[in-house]
Asker: 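I'd like to ask some things about the structure below.
Whatever order the structure lists ligands and atoms in, that order sets their numbers, starting from 1. This chain uses plain numbering: 1 for the first residue, then up along the sequence. No hydrogens, no waters, no symmetry mates; every other heavy atom, side chains included, goes into these values.
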Amino acid sequence: MKYVLALDQGTTSSRAIVFDHAGQIKSIAQKEFRQIFPQLGWVEHDPNEIWSSQIGVAAEAITRAGLSGRDIAAIGITNQRETTVVWDRRSGQPVYNAIVWQDRRTAGLCDELRAAGHEALFQRKTGLVLDAYLAGTKLRWILDNVPDARRRAEAGELAFGTIDCWLLWKLSGGALHATDATNASRTLLFDITQQAWDDELLEIMQVPRAMLPEVRDSSAVYGDTDLLGGGRIPIAGVAGDQHAALLGQACTQRGMVKNTYGTGCFMLMNTGDTPIPSQNRLITTTAWRIAGRPSYALEGSIFIAGAVVQWLRDGLGIISSSSEVESLAASVPDNGGVYLVPAFVGLGAPHWDPYARGAIHGITRGTTSGHLARAALESIAYQVTDLIGAMQGDAGLTLNELRVDGGATANDTLMQFQADLLGVPVLRPKVTETTALGAAYLAGLAVGYWSGLDEIAAQWQVERVFEPAMGRDQVDALRGGWDRAVGRSKGWTQP
Ligand SMILES: Nc1ncnc2c1ncn2[C@@H]1O[C@H](COP(=O)(O)OP(=O)(O)O)[C@@H](O)[C@H]1O
Ligand SMILES: O=P(O)(O)OC[C@H](O)CO
């Protein structure tokens with residue numbers, strides 16, 4: 001019997017998961033790596049550390065499963081998106097650290113591009129908003145700030161890639177400089193309708209074409225690797241983590257929605273074979289591309305979700321592990337009028353305010369750490385709820401249920417509150433490692449390990465359904481408080 005190996009390169013850790021033919025987990029290995037904060041608002045990773053942790057856990061997962069490379073039918077790669085690496089093609093060494101999706105250093109450049117009247121063009125072609133979150137301005141920053149980088153890029157000496165592309169390069173020993181359509185869709189340089197790099201956008205962003213990777217389908221044999229023993233293993237699937245999770249949640253039909261609660265929260269709706277431009281400041285993106293045919297999604301991106309719980313743990317020290325937040329929040333009957341807006345790195349969709357900062361409102365003499373814990377948890381659910389109306393409006397579809405995954409979905413209180421706010425059932429699946437599963441599916445489809453999307457969709461199973469129970473008046477009152485709190489957090493640090 002053969003298995004599929006998924007490499008899930010996330011913001012805080014590299015993971016590798018071996019899946020069997022039923023889509024069940026055979027083994028997992030995981031390693032955290034350093035978060036580098038050189039200045040306020042800057043976030044970097046060391047690309048070599050990303051690589052060494054990722055290849056290390058890949059080997060470990062295979063060993064833990066009691067397998068060898070010979071038992072692996074294919075490898076799928078999924079990754080934190082937008083995080084940008086530039087490296088020297090000859091030495092294979094990065095010219096600068098990876099600039100992470102959370103990094104805000106290019107907010108001013110985005111303002112300039114907007115002031116020059118480019119926003120509508122970028123939105124029409126790429127489906128994106130002009131925000132520091134996306135890869136394009138991070139790449140431009142490296143070209144403008146690393147000595148000699150622009151000249152070397154123009155001479156074809158440097159390569160650009162998102163993390164999938166960097167891992168493909170390393171796994172193939174420098175033979176592959178390629179990315180998939182979902183990752184290309186996060187760069188501000190890729191026309192999602194034409195499915196091609198766009199010269200007009202490249203010129204505005206001042207990025208030389210010579211440094212860009214080839215863009216391929218998300219499910220395709222890219223090449224192979226001999227670094228995991230047992231001969232050459234095909235690398236057959238690549239997708240950004242949220243796109244992979246959409247597939248891992250079996251949201252294969254138009255109108256199906258998943259939300260991943262990790263460091264941030266990312267809600268994606270499958271909109272079928274047409275890109276739907278957002279009227280409500282959401283992102284339009286390629287969901288995946290299979291057999292040359294793109295499927296599209298609408299996305300709401302929230303920058304801080306589970307990370308607010310980490311802040312309670314590491315910043316405030318009022319809990320000692322993430323899971324403790326649930327009992328601390330349960331020590332009070334309600335939020336006591338306290339609202340925490342976790343705009344630690346600005347606000348993403350639908351506000352897109354890089355100058356917003358975190359705030360806690362409504363504190364009284366009676367406020368306890370329990371209220372703070374509750375307000376922190378609730379803030380995750382409010383942010384998600386803010387996206388739903390926008391998404392339904394854009395797609396002209398009504399949400400019937402929400403499929404959820406990610407580390408914070410372990411929290412039953414949060415999931416119940418989410419169902420209460422949304423007024424629809426929240427469905428937690430049996431396999432919550434949907435990101436890795438989606439990458440495995442893409443790879444397995446390409447090598448004939450699975451027959452098609454129908455076989456994949458049939459594997460999805462629900463573990464628990466959270467039914468909405470709160471009255472609409474109470475929901476409206478809570479959301480009113482949240483709206484006021486968000487309003488006061490916006491524009492806090494003016495450029
Ligand atoms: N019981 C819990 N309640 C709330 N948040 C949690 C809980 N357990 C973990 N988390 C949060 O989930 C996040 C980790 O989820 P994960 O999906 O692994 O994230 P990522 O892929 O972004 O690294 C952390 O931010 C952590 O604080
Ligand atoms: O690594 P995660 O799970 O925090 O996901 C990060 C997203 O891909 C950023 O867009």
Side-chain angles (χ1 to χ4, degrees), residues 7-15 17 28 30-33 35 43 45 50 53-54 77-84 98-103 128 131-135 138 162-164 182-183 185-187 239-246 248 258-268 283 285 297 299-316 319-330 342 344-345 348-349 373-374 376-381 404-418 428 432-439:
L7 308 183
D8 177 3
Q9 206 304 302
T11 310
T12 55
S13 72
S14 298
R15 299 143 73 75
I17 304 186
I28 303 187
Q30 174 168 7
K31 189 164 171 35
E32 292 198 5
F33 55 85
Q35 306 291 313
V43 188
H45 294 155
I50 284 184
S53 59
Q54 190 63 69
I77 299 175
T78 184
N79 55 292
Q80 54 165 323
R81 307 165 302 165
E82 300 94 19
T83 299
T84 298
I99 303 184
V100 177
W101 58 276
Q102 295 157 319
D103 192 291
L128 303 171
D131 190 85
Y133 165 50
L134 299 146
K138 301 178 196 293
T162 39
I163 296 296
D164 56 309
T182 68
N183 277 291
S185 299
R186 317 300 295 186
T187 60
D241 54 11
Q242 306 308 324
H243 314 253
L246 190 67
K258 75 87 200 177
N259 191 33
T260 301
Y261 299 73
T263 305
C265 250
F266 299 90
M267 184 190 287
L268 271 76
I283 278 175
T285 196
E299 171 177 331
S301 329
I302 294 166
F303 299 150
I304 300 291
V308 70
V309 177
Q310 284 172 328
W311 176 71
L312 296 182
R313 186 191 65 190
D314 307 335
L316 289 190
I319 50 175
S320 54
S321 70
S322 291
S323 56
E324 264 180 38
V325 70
E326 200 158 7
S327 53
L328 185 55
F344 301 159
V345 292
R374 188 149 196 124
L377 273 188
E378 290 187 354
S379 76
I380 301 174
V404 299
D405 53 74
T409 58
N411 192 311
D412 292 348
T413 310
L414 171 60
M415 292 300 102
Q416 183 56 51
F417 189 65
Q418 187 69 83
R428 189 167 64 195
T432 52
E433 295 291 351
T434 55
T435 298
L437 182 57

Asker: I need the nearest protein heavy-atom contact for atom 5 (O) of ligand 2: residue, atom name and distance, please.
Answerer: Asp241 OD2, 2.8 Å
Asker: Keeping Thr78 on the side-chain end and Asp241 on the backbone end, is there a donor-acceptor pair under 3.5 Å?
Answerer: yes
Asker: I need the single residue from Trp101, Phe303, Tyr261 that forms a ring pair (Phe, Tyr, Trp, His ring centres under 6.0 Å) with Phe266. Which is it?
Answerer: Trp101
Asker: Between Gln242 and ligand 2, find which residue part has any heavy-atom pair under 4.0 Å and reply side chain, backbone, both or neither.
Answerer: side chain
Asker: Tell me, which protein residue and heavy-atom name are nearest atom 6 (C) of ligand 1, and how many Å apart are they?
Answerer: Ala408 CA, 3.6 Å
Asker: Within the protein, is there a heavy atom lying under 4.0 Å from atom 20 (P) of ligand 1?
Answerer: yes
Asker: Say whether Gly262 and ligand 2 are in contact under the criterion: heavy-atom distance to a ligand atom below 4.0 Å.
Answerer: no
Asker: Please check if the side chain of His45 supplies one atom and the backbone of Thr11 the other of a donor-acceptor pair under 3.5 Å.
Answerer: yes
Asker: Would you say the side-chain atoms of Thr182 pair up with the backbone N or O of Gly240, donor to acceptor, closer than 3.5 Å?
Answerer: yes
Asker: Does the protein come close to atom 3 (N) of ligand 1 - that is, does one of its heavy atoms sit below 4.0 Å from that atom?
Answerer: yes
Asker: At less than 4.0 angstrom from any non-hydrogen atom of Thr263, what atoms of ligand 2 do you find?
Answerer: 4 (O)
Asker: Using a 4.0 Å cut-off to any heavy atom of Gly10, which atoms of ligand 2 qualify?
Answerer: 1 (O)
Asker: For atom 4 (O) of ligand 2, find the nearest protein heavy atom and state the residue, atom name and distance (0.1 Å precision).
Answerer: Thr11 OG1, 2.8 Å
Asker: Check for a donor-acceptor pair, side chain of Arg428 on one end and backbone N or O of Thr409 on the other, with a separation under 3.5 Å.
Answerer: yes
Asker: What atoms of ligand 1 come closer than 4.0 angstrom to any heavy atom of Gln310?
Answerer: 24 (C), 25 (O), 27 (O)
Asker: So for Thr12, does at least one of its heavy atoms come nearer than 4.0 angstrom to any atom of ligand 1?
Answerer: yes
Asker: Sub-3.5 Å donor-acceptor pair from the side chain of Gln54 to the main-chain atoms of Arg15, do we have one?
Answerer: yes
Asker: Nearest to atom 1 (N) of ligand 1, what protein heavy atom do you find, and at what distance?
Answerer: Ser323 CA, 3.5 Å
Asker: What protein heavy atom sits nearest atom 17 (O) of ligand 1, and how far away is it?
Answerer: Gly407 N, 2.9 Å
Asker: Check whether any side-chain N or O of Thr84 sits under 3.5 Å from a backbone N or O of Glu82 as a donor-acceptor pair, and report yes or no.
Answerer: yes
Asker: What protein heavy atom sits nearest atom 11 (C) of ligand 1, and how far off is it?
Answerer: Gly306 CA, 3.9 Å
Asker: For a 4.5 angstrom cut-off between non-hydrogen side-chain atoms, does Trp311 reach Pro342?
Answerer: no
Asker: For residues Arg186 and Thr285, is any side-chain donor paired with an opposing acceptor at under 3.5 Å?
Answerer: yes
Asker: Let's go through Val404 and Met415 carefully: what are the C-alpha distance in whole Å and the side-chain angles of both, what is the deciding distance for side chain to side chain contact (heavy atoms under 4.5 Å, CB included) to 0.1 Å, and is it a yes or a no?
Answerer: CA-CA 9 Å; Val404 299; Met415 292 300 102; 3.7 Å; yes
Asker: Find all atoms of ligand 2 within a distance of less than 4.0 Å from any non-hydrogen atom belonging to Trp101, and give their numbers and elements.
Answerer: 4 (O), 6 (C), 9 (C)
Asker: Please check this pair: side chain of Lys138 against backbone of Thr83, looking for a donor-acceptor N/O pair closer than 3.5 Å.
Answerer: no
Asker: To check your reading of the model: name the closest protein heavy atom to atom 26 (C) of ligand 1, its residue, and the distance in Å.
Answerer: Ser322 OG, 3.6 Å
Asker: Are any of the N or O atoms of Ser13 closer than 3.5 Å to those of ligand 1?
Answerer: no
Asker: I'd like to check whether Gln80 has a polar contact with ligand 2, where a contact means an N/O of the residue lying under 3.5 Å from an N/O of the ligand.
Answerer: no
Asker: With the threshold set at under 4.0 angstrom, would you say Gly10 reaches ligand 1 through any of its heavy atoms?
Answerer: no
Asker: Short list, please: which atoms of ligand 1 are under 4.0 Å from a heavy atom of Ala307?
Answerer: 25 (O)
Asker: With backbone taken as N, CA, C and O and side chain as the heavy atoms from C-beta onward, which portion of Val325 lies under 4.0 Å from ligand 1: side chain, backbone, both, or neither?
Answerer: side chain
Asker: With nothing but distance in play, are any N or O atoms of Asn79 less than 3.5 Å from an N or O of ligand 2?
Answerer: no
Asker: Where do Ala329 and Leu377 come nearest, in terms of heavy atoms and distance?
Answerer: CB-CD1, 4.0 Å
Asker: I need the contact type for Thr263 against ligand 1. Using non-hydrogen atoms and a strict under-4.0 Å cut-off, is it side chain, backbone, both or neither?
Answerer: both
Asker: Is it the case that ligand 2 has an N or O less than 3.5 angstrom from some N or O of Tyr133?
Answerer: yes
Asker: Going by the atom numbers of ligand 1, which of them fall below 4.0 Å from some non-hydrogen atom of Gly406?
Answerer: 17 (O)
Asker: Tell me the closest heavy-atom pair linking Ile50 and Ile163, and the distance in Å.
Answerer: CD1-CD1, 3.7 Å
Asker: Which heavy-atom pair separates Ala410 from Glu326 by the least distance, and what is that distance?
Answerer: O-OE1, 4.2 Å
Asker: Working note: Glu32 + Ser13, criterion side chain to side chain donor-acceptor pair (under 3.5 Å); need CA distance, chi angles, decisive distance, verdict.
Answerer: CA-CA 4 Å; Glu32 292 198 5; Ser13 72; 6.0 Å; no
Asker: Ligand 1 and Asn411, any nitrogen or oxygen pair closer than 3.5 angstrom?
Answerer: yes
Asker: Taking side chain as C-beta onward, heavy atoms only, is Gln35 less than 4.5 Å from Thr12?
Answerer: yes
Asker: Give the residue, atom name and distance (to 0.1 Å) of the protein heavy atom nearest atom 9 (C) of ligand 2.
Answerer: Glu82 OE1, 3.3 Å
